[in-house]
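This report refers to the structure that appears directly beneath it.
Below, chains carry the letters A, B, ... as their sequence lines are ordered, and counting in each starts from 1. Only a predicted model underlies this, so the values are computations on that prediction, with no experimental measurement involved.
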Number of protein chains: 2
Amino acid sequence: MPQTSSEALKAASALKAAKMYYLQDLTMGAIATELRTSRSSVSRLLSFARESGLVDIRITSPFDRGSALEQDIHSRFGVTAHVVPMPESISDIDRLERVAMTAGRILGGFVDSNMIIGVAWGSTVGAISRHLVAKPVHNTVVVQLNGAGNTQTTGIDYASEILQRFSSAYSAQIQQFPVPAFFDDPRTKEGLWRERSTKRLLDIQARLDLAIFGLGSPFAEIPSQVYIGGYLDAEDYRSLSEDGAVGDVATVFYRPDGTSSDIALNSRASGPSLDRLRKVARRVCVVSGVQKLASLRGALAAGLITDLVLDESLASRVVEPDGRVSESAQSDRTVA
Amino acid sequence: MPQTSSEALKAASALKAAKMYYLQDLTMGAIATELRTSRSSVSRLLSFARESGLVDIRITSPFDRGSALEQDIHSRFGVTAHVVPMPESISDIDRLERVAMTAGRILGGFVDSNMIIGVAWGSTVGAISRHLVAKPVHNTVVVQLNGAGNTQTTGIDYASEILQRFSSAYSAQIQQFPVPAFFDDPRTKEGLWRERSTKRLLDIQARLDLAIFGLGSPFAEIPSQVYIGGYLDAEDYRSLSEDGAVGDVATVFYRPDGTSSDIALNSRASGPSLDRLRKVARRVCVVSGVQKLASLRGALAAGLITDLVLDESLASRVVEPDGRVSESAQSDRTVA
DNA sequence: AGAGCAGTTGCACATTCGTTCAGGAGGTGC
DNA sequence: GCACCTCCTGAACGAATGTGCAACTGCTCT
């Protein structure tokens, strides 16, 4: 690891370079001359300045309102939407990647000092974590919202990698949650929930200022990570289907109308109840791909979301007045 | 003039392009493909997005503190400084230009809806006006702080050009102040100040939320615009010298210690009294070049400034513990 | 002291970007 | 209806930018 003074020096040069590049419109060559270094170094300094949040680039929709779609979503569901523009034809992998990158870039706008940030585990959040832009804040805490353990692994490696990245972007303290995603026996969960060590973490979760999560979609054509990694078995699926679940946030399931009571699996889930989640002031949901449409509609009905980042196709679907959407809604729709 | 709908369309495309470029890291070529247009058009769209404030690029110093110099200035004078990095050897013209460009770029951060913005007339403010980045705000008013007339011209053309640019950047209403910079007879001023039309404008000035001004420096080697354009005659200079003035803000003069009472010329000045100016919540001063050092020290002593944009050389001079600086201080200094 | 290593630097090259220019679309005035 | 005029578009060129690579610097460990 390099010494602290050289880090500070780098930041100071990067700051200078950034001011000259973005505020004075000099070329990198000119900056190199003034800083007595090479063009390449200036290019790298500027990359560093962007990644480390020294340069803050944000897109502001005119008059605090966005595109027609974003306004539409706002008036229909009361959530602030950020539509990520994208061709219809793009692959779901790229779609997720681009939505996640966008989310990582704008997340800094929600984070501030002294915040407790809840992070759900999942492939979407994982992708986001790879694109976070640092922001210089103090005294933030990053809390894992739900367990990541399954029948094969404790999940700590992967989950903690995600938390690490959030932590280093916002110089935050990490609070892991080393429990399985779903318990086999609800009584085990109840017992563990009474443990002081667990209670401490649940207390922190209860004081969340910001929650970041993707959406699960158990009955979509392409089931998400949680459903292929040994978290749920056939019996669980049957149970979810019987209870009418269409989606989940951090392992907690809900129905198309937003209700979640009496969904059996929820008593074994490690994530926060929807009631608890709704108490969080800012709840940022990142979601991509039309196969999540039903799940998104449910989450909106449940009022789980305050800020939504989603791709263009999904956005235009969600505002279509399709009536209530169930599993079969996918075949009801008219135009692709 | 193009139709409104095509303007809106352009803004929408620009917004899309900006999201893809700055949030998803696509190249302009890729964006062109997705938007079914050419690379060049995308390049132009992005320029438009930057100029029109759709893209907001700002430089944030780590931990809300800036470079060593900025922190130093803050602790010494209690003002938030923005030091514009620059080589010592640069010409004064470039120096002014680069400070002004920087100021124009960061000014958007101070402007908000429903604000009344006071703008002083001067070569520095003129340069700033050429580099303003638009910001979508409502119901702002731009007020001319001091008259611009002199013995040769009413000054309205040039001054109104500046105001126009502010106006179009912040979609603001313009309030001109069609009076001479300095009156010949204080009684004329007093009379005019009692006129209802003038009172209306003075009332607006009294409710200022933000003031933007440069500094005059009557006895510097290179006197600024105000002193060569027929605003002041030899007698005026003698009077200023006798009264110990080192600088002015919007035609109102002050001494090295920040006092301004009994400076004869001030009774004939068209700008707001320093007491009035100090009531403005945010007072942004933009200044460049070491010849303004004494004037800057006086303005700082007078507490006229809350936010300061200045070049690096001037910044490092102003924190030097030179003791009090008077007119003779210019010859005291060691290095050019 | 010297080998080893992580991090940094500048060069060279490939890519990406901004701008000029000629052509075309759309709107206006006679 | 036709000429004019302004604004917009895309191709082409040169300038600006990002990155793989090899050399180098400063530090650590033995």
Side-chain angles (χ1 to χ4, degrees), chain A residues 1-55 57 59 85 87 94 97-98 101 104-105 130-131 133-134 164 168, chain B residues 1-55 57 59 85 87 94 97-98 101 105 130-131 133-134 168:
Chain A
M1 189 174 297
Q3 20 177 12
T4 336
S5 66
S6 95
E7 276 293 326
L9 219 123
K10 183 179 176 186
S13 310
L15 191 61
K16 268 196 185 184
K19 283 182 175 182
M20 294 199 253
Y21 191 75
Y22 289 106
L23 262 23
Q24 303 181 31
D25 274 0
L26 300 183
T27 70
M28 295 185 179
I31 297 170
T33 308
E34 298 198 356
L35 256 47
R36 295 163 200 282
T37 181
S38 68
R39 282 176 273 277
S40 350
S41 294
V42 174
S43 171
R44 282 184 277 251
L45 275 179
L46 289 172
S47 299
F48 169 78
R50 281 188 297 266
E51 283 162 24
S52 63
L54 273 167
V55 180
I57 300 180
I59 310 296
D94 288 342
E97 190 64 16
R98 287 170 63 167
M101 185 180 290
R105 298 278 170 92
R130 264 177 272 115
H131 298 291
V133 175
Q164 295 268 7
S168 77
Chain B
M1 189 175 296
Q3 16 179 8
T4 336
S5 66
S6 94
E7 277 295 322
L9 220 123
K10 183 179 177 186
S13 311
L15 192 61
K16 266 196 185 182
K19 283 182 175 181
M20 295 198 253
Y21 192 74
Y22 290 106
L23 262 22
Q24 303 181 31
D25 274 359
L26 299 183
T27 71
M28 295 185 180
I31 296 170
T33 309
E34 298 199 356
L35 254 47
R36 295 163 201 283
T37 182
S38 68
R39 282 175 272 279
S40 349
S41 295
V42 174
S43 171
R44 282 185 278 253
L45 276 180
L46 289 172
S47 299
F48 170 77
R50 281 188 298 265
E51 282 161 25
S52 64
L54 273 166
V55 179
I57 300 180
I59 310 296
D94 288 342
E97 190 63 17
R98 285 169 66 168
M101 185 181 289
R105 299 277 169 91
R130 262 177 272 114
H131 297 292
V133 176
S168 77

* Structure fact -> As a check of understanding: the bend across the helix from C:dA1-D:dT30 to C:dC30-D:dG1, end axes from five pairs, rounded to 10 degrees, works out to 30°

Between [N] atom [atom2] and [X] atom [atom1], what is the distance in whole Å?
X	N	atom1	atom2	value
B:Phe48	C:dT19	CZ	C1'	19 Å
A:Asp25	C:dG18	CG	P	11 Å
A:Leu45	D:dT17	CG	C1'	14 Å

* To do: Just jot down the side chain to side chain contact (heavy atoms under 4.5 Å, CB included) partners of B:Thr33, sequence neighbours excluded, or say none.
  =>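 B:Thr33 satisfies side chain to side chain contact (heavy atoms under 4.5 Å, CB included) with no residue once adjacent residues are dropped.
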
* For B:Ala30, all residues meeting side chain to side chain contact (heavy atoms under 4.5 Å, CB included), sequence neighbours excluded ->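 With sequence neighbours excluded, B:Ala30 shows a side chain to side chain contact (heavy atoms under 4.5 Å, CB included) to B:Leu26, B:Thr27, given in chain and number order.
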
Straight-line distance of [X] [atom1] to [Y] [atom2], nearest 0.5 Å:
X	Y	atom1	atom2	value
A:Thr37	A:Met28	OG1	CE	12.5 Å
A:Lys16	A:Leu35	NZ	CG	6.0 Å
B:Leu23	A:His131	CG	NE2	11.5 Å
A:Ile31	A:Lys19	CD1	NZ	13.0 Å
A:Ser13	A:Leu46	OG	CG	11.0 Å
A:Ile59	B:Tyr21	CD1	OH	11.5 Å

Check the interface with nucleotides 22-25 of chain C: list each N/O to N/O pair with the protein under 3.5 Å, or write none.
none

* Does anything in residues 32-50 of chain B pair up under salt bridge (charged side-chain N to carboxylate O under 4.0 Å, His left out), and if so which pairs, sequence neighbours excluded? ->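 Sorted pair list: A:Arg98-B:Glu34.
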
Return the polar atom pairs (N/O with N/O) between nucleotides 18-25 of chain D and the protein under 3.5 Å, or none.
unit_1, atom_1, unit_2, atom_2, d
D:dG18, OP2, A:Ser43, OG, 2.9

* Asked: Do you know which two heavy atoms are closest between A:Phe48 and A:Ala11, and how far apart they sit?
  -> CE2-CA, 4.1 Å

